[in-house]
Amino acid sequence: MTATATRSVTVPVTKEKAHPRKPGDRPFGPLRIAAFLVLLLMAIGWLLPFLWAVATAFKTENDAASGAPTWIGESGPTAEAFTAILSQGNVWLWAWNSLATSIAITAITLAISALAAYAFSRLDFKGRKWLFAIVIAGIVVPPQALIIPLFYQMLAFNLVDTYWGLILPQVVVPAMVFILKQFFDGVPIELEDAARVDGAGRFRIFWSIVLPLSRPILAAVAIFVFIGAWNNFLWPFLVINDTTLMTLPVGLQTVISAYGVQYAQVMAQAVLAALPLIAVFLVFQKQIVKGVATTGFGGQ
Amino acid sequence: MSTAPQTARATGTGPATGATTRSIVTGSSQPGRRSSGGRREQLVTWAFLAPFMIAFILFLVWPIIHGIYLSFTDQSLTGTGGGFVGIANYAEALSDPTMWRSMGNTLWFTVLSTVPLVLIALLMAVLVDRGIPGQWLWRLSFFMPFLLASTVISQIWVWIFNPQIGAANAILANFGIEPIAWLQNADTNMYAIVIATVWWTIGFNFLLYLAALQNIPAQQYEAASLDGAGPWRQLWSITIPQLGPATVLIVMLQVLASLKLFDQAYQMLGGVSSDTTRSIVQYMYEAGFVGYRFGFSAAISYIFFALIVIIGVAQATVVSRRRNLR
C-alpha cells in the first residue's frame, strides 16, 4: 500500500510555479485576507519559541534568570553566553564528531542503497523477488526495538565508544533502497541498452549513466539521511560514553545538568546546534521540500 | 538479461574468465559466451547486492534473531546471567503494571499528538496552497522546527515551561491564570510534551499535505469556478475529498511515529522517569540500560515491536477494506 502511494505522489511534486492563486479567489477578497491573517498568526506562533531562545541566548545570565518577558535584557544584548560556550572546547569537538559521522553515514547509506536498488531494479537473478520483499519488510522494523541486541553486538565487536559503532548500525535504511529502486525503475532502459551495445559493463553503466540521471533523488535521499544522522539521539546516546566522541545532541544533553540554571548558555547552545541545519534548509529548501514528499511517503 | 540455466552455468566454470571479459567487451557472440556471461553477470549482481545485504544481515536481521534469543534469557548488561529462562521475561512483562502503564502512556500520547498534528498540518497546507504571498516564510516557519535535534527542542521547551520564569506562564499570567509547573506536575507533563512535539514535527505533515495538494489538477478548480463554486465550495467538494488518500497515509505514518515516543519525553524531563510520561521505548531503555536487565528489556522490545506491527496491519486492513467497499 505504501508502494502505490509513493508512485502516485512523488512525480508531480516538481511542477514549477506550484502555487498559483486558485481560480475564483479575488486577490483582496475578505476570505483571502482572513486566510493571510490566520497564516500569519500560526507563523508567529511557530517562530516565537525559537526567537525567544535566540533572545535569551543574547542576554546576560542575570537578565535571563529574571524571567522578565522582554526581548532585550536590561543590560543590553551581549554575546557572552556564546563566547562562554565556545571557549569550553567540547562544543567544537562534538560538532566535528557530528559532522564526520553524519557524512560517513550519508555516504555509506547512499552508496550501498543505490547499488542494491540498481540490482533489484535492473539485474536478473534468482530469488530477486523474495529478497526484495525481505528488504522491504525491514522498513517496518522500528530501530528502537533493536537497541538491546545491537548494543550487545557492539560490545562483542568491541565497537562501543568508537566512530564505527556509531556509524554502522545507522547505514541500513531499507526505505532508501525502496525509494531508489522506484526511481531506477523509471529510468529509460534504452539508454542502458545503447551503452551495452557499445560494450560498457554494468558498473560503467550504473556509474556514468544511471547515477547522473538520478541526481535529484540522490540529493533528496542524501539530505534526509544526513539530517536524520545529525539529529539522531537514542543510538549515539547509548553507544558513546566517552565525552570526546559524543555527537552534538548527546554532548549538549549531558552538560545541561552541569550548567544548572545558566539559561542564557543553554539557549546559546541550542541556537548554535540549530544553526547548521537552518543553513542547510535555506540552501537546499527546494530539495528538502521535494525530499519530504518522496521519502516521506516511501516510509519515513 | 536472463540468468543462464543451471547446466550452462556449470560448464562455464572453467578457466574462461579472461576470454569472457574479452568477448563481452568486443561484443562478439562466440559459442559459450552466454553461459560464461551468465556466471559473470551473477558475480556482478552479487557485487551490487553484497554491501547492502551484508550490512542488512549484520545490523538488522541478526539483531532481530539475537534479540528474540536474548528475550528468553536472564542476560544482564554487565555480562552476568545468560541462562535460558523460558517465557519468564514475557510473563513478567505482561503482569507488570509499569509495562502496562507505559503502554497506556504511549497510546495516550499517540492519540493526543496525532489529532493536532494532522488537523493543524492540513489547515496550514490548505491555506498556504491558496497562493497567499509569503510562501518562503510560511514554509520556513512551519518546517524549520522539524530540522532541529530533539536535544535542542527539549532545551527550548524546558525553558519556555519553566514554572517560575518561563514564557508560557508569563503569557498565561496575562489571562489571570496561576503559574503551572508544566513538566514537574504529573497532571500536565504529558500535555507539555505533546505541545512541544506538535511544534517540533508538524512541518513534516505540512509538507506532505502540500505535496498532495499540488497533485490536485488545476482544471478541477477551474471547472468548479466556471460553475460558480466559491472558495468554500471548492474546499469541501474538491480539496478535502481529493486529500483522502494522503490523509490516510499521513495518519498512518504519524501514528507509527508517535508510538516510538522517547527522545523528547526523556530529555524534557531531564532523564527523570515519570509514571505519567514514561513511554514503552523509555521503559525498554530503563530496563536495559538503567536496570541492566538485557533479557527483560529485549522481551519488552518485542512487545513494542508487536504493538507496532499490530497497529500497522490494523490500519492497513481498515484502509484496504474501505477501498474494496467503494
Side-chain angles (χ1 to χ4, degrees), chain A residues 1 5 9 12-13 15 18-25 31 35-36 38-39 43 46-47 49 52-53 67 69 112-113 115-116 118-119 123-126 138 140 142 144-146 148-150 168-169 171-172 199 202 227 231 233 249 252-253 263 266 270 273-274 277 281 289 292-293 296 300, chain B residues 1-3 25 27 44-45 48-49 51-52 55-56 59-60 63 66-67 70 124 127 130-132 135 138 141-142 147-152 155-156 159-160 165 167 170 199 204 207-208 211 214-215 221-222 225 230-231 249 253 260 262-263 267 281 288 294 297-298 301 304-305 308 312 316:
Chain A
M1 115 234 82
V9 180
V13 181
K15 258 189 295 178
H19 289 277
R21 186 151 38 90
K22 294 284 182 263
D25 278 17
L31 217 56
F36 177 78
V38 174
L39 268 183
W46 250 259
L47 284 174
W52 182 239
I112 66 177
S113 307
L115 284 168
Y118 183 77
L123 305 181
D124 213 346
F125 55 95
K126 235 182 160 184
V140 302
Q144 291 90 340
L146 299 182
I148 296 290
L150 269 178
L168 288 176
V171 302
V172 182
R202 279 293 185 189
I227 293 170
N231 284 340
F233 176 74
L252 293 184
Q253 200 266 342
Y263 299 108
V266 172
L277 284 180
F281 180 73
V289 170
V292 168
Q300 249 174 343
Chain B
M1 183 104 192
S2 65
T3 27
V25 170
V44 169
T45 300
F48 273 93
L49 277 177
F52 179 82
F56 183 78
F59 303 117
L60 202 105
H66 189 221
L70 282 176
M124 285 172 167
L127 291 177
R130 304 238 36 126
I132 311 274
Q135 294 288 325
W138 312 134
S141 3
F142 300 147
L147 295 174
L148 305 182
S150 57
T151 313
V152 171
Q155 289 175 355
I156 291 176
W159 168 232
I160 290 173
I165 53 177
W199 178 79
F204 192 80
L207 286 188
L208 290 183
Q214 289 166 18
N215 283 339
Y221 289 106
E222 282 156 21
S225 181
L249 260 160
L253 289 176
K260 296 172 186 163
F262 172 75
D263 295 10
Q267 293 178 76
V281 173
F294 262 32
S297 176
S301 50
F304 165 64
F305 198 165
I308 295 265

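Computed from a prediction, not measured in an experiment: that's the story for all the values here. Every chain is numbered from 1, with letters handed out A, B, ... down the list of sequences.
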Quiz item: Does some side-chain heavy atom of B:Phe52 sit less than 4.5 Å from a side-chain heavy atom of A:Leu115?
Solution: no

Quiz item: Roughly how far, to the nearest 0.5 Å, is the CD1 atom of A:Ile148 from the OG atom of B:Ser301?
Solution: 6.5 Å

Quiz item: Which atom pair, heavy atoms only, marks the closest approach of A:Ala35 to B:Ile132?
Solution: CB-CD1, 3.7 Å

Quiz item: Are the side chain of A:Trp46 and the backbone N or O of B:Trp199 linked by a donor-acceptor pair below 3.5 Å?
Solution: yes

Quiz item: Under a 4.5 Å heavy-atom cut-off, does chain B meet the side chain of A:Leu168, its backbone, both or neither?
Solution: both

Practice problem: Would you confirm whether A:Asn231, through its side chain, and B:Leu147, through its main-chain N or O, come within 3.5 Å as a donor-acceptor pair? | Solution: yes

Quiz prompt | Contacting region of B:Ile160 [heavy-atom separation from chain A under 4.5 Å] | solution = side chain

Self-check item: Heavy-atom side-chain contact between A:Leu146 and B:Phe59 under 4.5 Å
Solution: no

Quiz prompt | Interchain contact, A:Leu39 with chain B, by part (heavy-atom threshold 4.5 Å) | solution = both

Quiz prompt | Heavy-atom proximity to chain A below 4.5 Å, by part of B:Phe304 | solution = side chain

Self-check item: Part of B:Phe262 within contact of chain A (heavy atom distance under 4.5 Å)
Solution: side chain

Practice problem: Identify which part of A:Tyr118 has an atom lying under 4.5 Å from any heavy atom of chain B, answering side chain, backbone, both or neither. | Solution: side chain

Practice problem: Pick one of side chain, backbone, both or neither for B:Ile308, based on which atoms fall under 4.5 Å of a heavy atom in chain A. | Solution: side chain

Quiz item: Checking heavy atoms, do the side chain of B:Leu127, its backbone, both or neither come under 4.5 Å from chain A?
Solution: both

Quiz item: Who wins among A:Val171, A:Val172, A:Val140 for the most heavy-atom pairs under 4.5 Å with chain B?
Solution: A:Val172

Self-check item: Side-chain (B:Thr151) to main-chain (A:Pro249) donor-acceptor, under 3.5 angstrom
Solution: yes

